[in-house]
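So the structure is just underneath, and the comments pick up after that.
In what follows, chains carry the letters A, B, and so on, assigned in the order in which the sequence lines appear, proteins first and then strands, with residues in each chain numbered from 1. Everything numeric here is computed off the predicted structure, so don't read it as measured data.
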Amino acid sequence: MAVGLLDAAPAQLFPEQVTNALGLPGVVGEFVGALIAAFLVGNVMLAFTGVAGPWAKRKITAAFTDRIAVDRIGPFGLLIIPAAAVQLLAKELIIPEGADRPSYDLAPLVLPASAMLGFAVIPMGQLGPVNLQLADPEVGFALTFAFASIASVSLVMAGYASNNKYSLLGGLRAVAQNLAYEIPLIVTAMSVVVFTGSLRTSEIVAAQQEALFTVAGVTIPSWFAIVNPFAFGLFLVANLAEIGRNPFDIPEAPTEIVAGYQTEYSSAYFVLFYLGEFLHIFLGGAILAMAFLGGASGPGPASIGFVWFVVKVWAFFLFTQWCRSALPRVRIDQLIEIGWKGMLVLSFANLILTAVLVGVIAS
Amino acid sequence: MQRQQRSTAHRFVDEAVTALPDDAVVSYESHENAPAIVIRADRVQSVLSTLRLELGFDHCSCVTAQEYETRFETIYHLTSYDDRTQELSVVVSTTKDDPVTESAAPVYRTAEWHEREAYDLVGIKYEGHPDLRRILLPETWQGHPLSTNYNQNQPQIVPLDEHANPIKNDSRQGDTMFINIGPHHPSTHGVLHLEVVLDGEQVAAVEPDIGYIHRCEEKMCQQGTYRHQIMPYPDRWDWGGAGLLNEWAYARVIEDLADIEVPEYAQIIRTMSAELSRILSHLLFIAMYALDISGEFNATFMYGFRDREIVQDLLEELTGQRMMFNYFRVGGVVWDIPELRDEFFEDVRAFTSDLPQKLEEYHDLLTSNEILQLRCIDTGELPPEKAKHYGATGPVARGSGIDYDLRRDDPYGYYDHLQWDVVTEDGCDNFARVLVRLQEINESAAIVEQCADLLEDWPEADRTCQANVPRTLKPSGECYRAVEGAKGELGIYIRADGTETPARFKIRGPSFSNLSALPVMAEGEYVADLVATLGSLDTIMGEVDR
């Protein structure tokens with residue numbers, strides 16, 4: 001990936017840094033460096049999910065619902081994480097009769113993989129001298145959405161291959177929901193692109209670094225969430241639907257269709273789904289942080305940017321859990337209606353408005 | 001006053017009966033609760049429709065079937081939604097060789113399920129019944145367990161294919177899908193099985209299949225002695241906290257049969273504890289409904305349980321048990337308010353005074369939430385005429401604008417001395433039923449408060465918890481009595497034949513009738529609404545299957 005000289009050249013990307021630090025020569029060296037970098041970033045993300053799934057989710061939900069949750073194993077119950085991992089993996093893997101084998105086995109792999117891919121182009125900021133971004137292609141922003149969208153393929157595969165009616169309903173719901181919300185999501189994201197004039201993720205973040213105005217000595221940065229709160233709101237709602245969390249947890253809808261597409265999955269396959277869902281929440285948070293919350297920017301030196309990035313991603317995670325604790329679920333037809341009749345119209349309105357504004361400012 | 005009301009009602013019924021065609025009525029009897037007319041087995045529909053349409057008996061509260069030595073008997077316990085004290089038993093008897101009688105299902109829809117049960121358990125056949133199948137027992141069951149010639153040692157075979165896909169051989173090329181919701185499913189609130197035909201996401205047909213926890217409660221009660229052995233059973237028809245209300249149903253009918261006067265002090269304790277029980281049940285509904293609409297462990301669900309816990313502690317203090325209270329006795333209650341009475345009443349008042357604020361919170365989380373409104377308003381509609389046809393009672397009927405509450409309309413206990421209101425909502429939808437229950441918690445709390453005031457100031461010398469009841473009760477006569485349970489009208493019919501145990505013990509579970517209305521409420525709606533509608537009925541399978 002050639003970085004043009006005239007671009008607001010980002011610092012060296014993480015894979016190059018790894019290659020240089022290890023002194024690996026040539027194309028093979030670059031390849032090995034990239035693999036190591038991707039391995040490290042991937043593990044950070046997996047660690048997030050490891051903490052979020054068995055522990056943080058329980059603690060957060062408990063706080064919302066007047067309970068205590070895990071506190072017996074280890075400090076703050078943190079050792080529940082390895083305990084849950086052992087427990088989940090030790091369960092019997094049950095594969096239903098009549099399951100469509102290749103796709104039944106592949107679906108739980110596709111979901112987390114698609115989310116992991118999404119992180120490849122997210123600029124996660126600096127941690128000391130390390131610049132945590134794996135790749136910065138010119139169409140990076142579009143790529144994240146493309147990767148994230150693969151998730152619905154996985155849900156359909158799981159729903160169809162399980163040979164279970166509840167799963168099938170869940171799979172169909174997932175398609176309907178993703179169609180209805182991905183378009184508003186991407187149209188809203190386009191308004192960000194109209195602002196920055198670039199699909200390169202690093203440039204989208206860079207465009208949000210300038211000061212917007214100063215109030216009482218506090219400098220308000222030109223994060224797009226502040227510049228265009230309307231678009232932020234739209235994006236936030238569409239994002240909730242995209243990751244399938246209340247009030248849009250239609251594809252799973254326990255109490256209606258048992259567990260939707262994952263009804264038949266058990267043991268390691270179930271863990272993979274669970275993992276994939278959390279990764280998608282974090283990816284959703286990462287995209288939100290990147291496109292609307294100034295990426296890794298925050299008070300303090302740029303070298304702790306990654307900390308701010310993590311804070312923003314976890315804030316989004318907290319938001320999803322809050323919604324889950326507080327909001328009822330809409331019905332499938334209402335969901336589709338909100339998507340096609342409401343969100344889509346609003347997102348186009350937002351796009352046109354943004355284009356006009358940008359045009360006015362430019363002239 | 002109660003007695004006086006009854007005698008006027010009797011007179012009205014006597015007049016009404018003269019309006020019936022002469023040749024239909026065979027003879028007259030008298031049950032403890034109502035006059036009874038015995039009619040010919042082939043004139044059931046014409047007699048019942050005259051009673052329903054012309055004489056205002058629009059509520060078929062219960063259908064009892066029983067076997068005598070020489071005949072089978074079906075009793076339709078009729079009453080009126082407008083005046084509950086107007087009661088009439090219509091008795092249809094048939095010979096043993098040919099137990100066929102005309103079905104009442106075309107006149108009262110609620111009779112459809114009741115007659116199926118009568119056929120299932122007793123073995124009477126109903127001519128003209130739209131769908132005379134077994135209801136509680138599996139299709140393949142041999143014999144009718146409550147009939148005298150039933151051989152309980154006969155092996156029974158229940159094949160697995162009992163739940164085979166009923167539309168498997170349907171040759172029509174449709175896009176419908178058959179799906180079993182339950183008996184194990186997150187939202188069926190117990191072991192209920194719904195056979196659902198879906199057209200996409202929409203419910204084309206739904207049929208409740210019940211009987212999964214049929215525990216022979218009626219038979220067990222028939223084997224218990226009146227004095228002590230029956231009272232623990234009613235608790236087990238409702239594990240949602242409404243046990244005390246159920247106990248009262250038995251207490252009421254046996255006290256009427258055996259002519260026992262309950263001391264006023266005990267009546268007040270009963271009233272207070274029963275209303276605490278109702279709060280327990282309604283809070284459970286609120287919590288579970290939040291679960292049905294939102295899924296997973298949301299805040300409302302846990303808040304419901306948090307607040308239930310307070311009531312649960314109060315009742316534990318009072319009865320010594322958290323679920324199967326067994327606190328009522330024939331002629332009163334088992335013991336007085338626990339020692340350190342002041343502390344107990346303090347706790348009760350602390351609960352009732354905190355309650356309005358908590359209810360406000362539920363209103364914030366549920367009824368004023370726009371998504372919940374979107375989901376609940378105009379879904380699961382049950383217009384009042386249909387509700388009456390299906391014998392819906394309790395919050396389900398009151399959510400359809402039917403002003404019917406046995407606590408006021410057929411007074412018992414201490415209710416007619418207290419200040420409280422019957423809550424009704426005209427929405428006829430899921431939302432109205434949620435509103436009714438939320439407001440009823442408030443009314444119940446008001447009753448509890450008033451009872452606590454009365455009990456606290458009650459002179460110490462006059463605190464009689466139980467009437468003098470003979471050690472062995474051997475009443476005789478027939479009596480059907482109901483109380484306002486948490487889910488609706490909980491009725492019990494007892495035929496006492498002068499022995500220590502009932503000759504027939506029939507339970508009318510309110511959820512049984514309410515649940516039978518589910519198909520008309522949910523058909524044509526979305527799957528999600530089916531779940532929401534089922535939730536709003538607040539059924540408990542313990543009193544459906546018994």
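- The only option from B/I293, B/T379, B/L374 that meets the side-chain contact (heavy atoms from CB on, under 4.5 Å) definition with A/R331 turns out to be B/T379.
- Within 6.0 Å of the CG atom in A/L179, the count of heavy atoms belonging to other residues, nucleotides or ligands exceeds 12.
- Within the 4.5 Å cutoff, the side chain of B/L198 has no heavy atoms near those of the A/K165 side chain.
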Determine, step by step, whether B/M177 and A/L169 satisfy the side chain to side chain contact (heavy atoms under 4.5 Å, CB included) criterion, reporting the C-alpha distance in whole Å, the side-chain angles of both residues, the deciding distance to 0.1 Å, and the verdict. CA-CA 10 Å; B/M177 172 167 87; A/L169 281 175; 4.0 Å; yes
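- Heavy atoms of other residues, nucleotides or ligands lying less than 6.0 angstrom from NZ of B/K386 number 12 at most.
- Contact residues of residues 332-346 of chain A toward chain B are A/I332, A/D333, A/Q334 (heavy-atom distance under 4.5 Å).
- Within 6.0 Å of CD in B/E316 there are more than 12 heavy atoms belonging to other residues, nucleotides or ligands.
- Atom CZ of B/F351 sits in a crowded spot, with more than 12 heavy atoms from other residues, nucleotides or ligands closer than 6.0 Å.
- No other option in A/T61, A/L168, A/V258 has as many heavy-atom pairs under 4.5 Å with chain B as A/V258.
- Nearest heavy atom pair, residue B/S294 against residue A/D249, reads O-OD2, 4.1 Å.
- When B/V527, B/I181, B/L530 are compared by the number of non-hydrogen pairs under 4.5 Å with chain A, B/I181 comes out ahead.
- At a heavy-atom cut-off of under 4.5 Å, chain B is reached by A/R324, A/S325, A/A326, A/L327 from residues 316-327 of chain A, listed in order of number.
- Nearest heavy-atom pair across B/L291 and A/T255 is O-CG2, 3.4 Å.
- Taking chain B as the reference chain and counting heavy-atom pairs below 4.5 Å, the highest number among A/V330, A/I250, A/L172 is found for A/V330.
- A 4.5 Å side-chain heavy-atom check between A/R173 and B/E201 finds at least one atom pair inside the cut-off.
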Donor-acceptor contacts under 3.5 Å from residues 84-96 of chain A side chains, at least two apart:
none

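- Among all heavy-atom pairs drawn from B/A299 and A/T65, the shortest one is CA-CG2, 3.4 Å.
- Put simply, the side chain of B/H185 never gets that close to the backbone of A/I257: no donor and acceptor are under 3.5 Å apart.
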Working for side chain to side chain contact (heavy atoms under 4.5 Å, CB included), residues A/Y166 and B/I179: CA-CA 8 Å; A/Y166 288 115; B/I179 191 163; 3.7 Å; yes
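- Among the residues in residues 302-309 of chain B, those with a non-hydrogen atom closer than 4.5 angstrom to a non-hydrogen atom of chain A are B/M302, B/Y303, B/R306.
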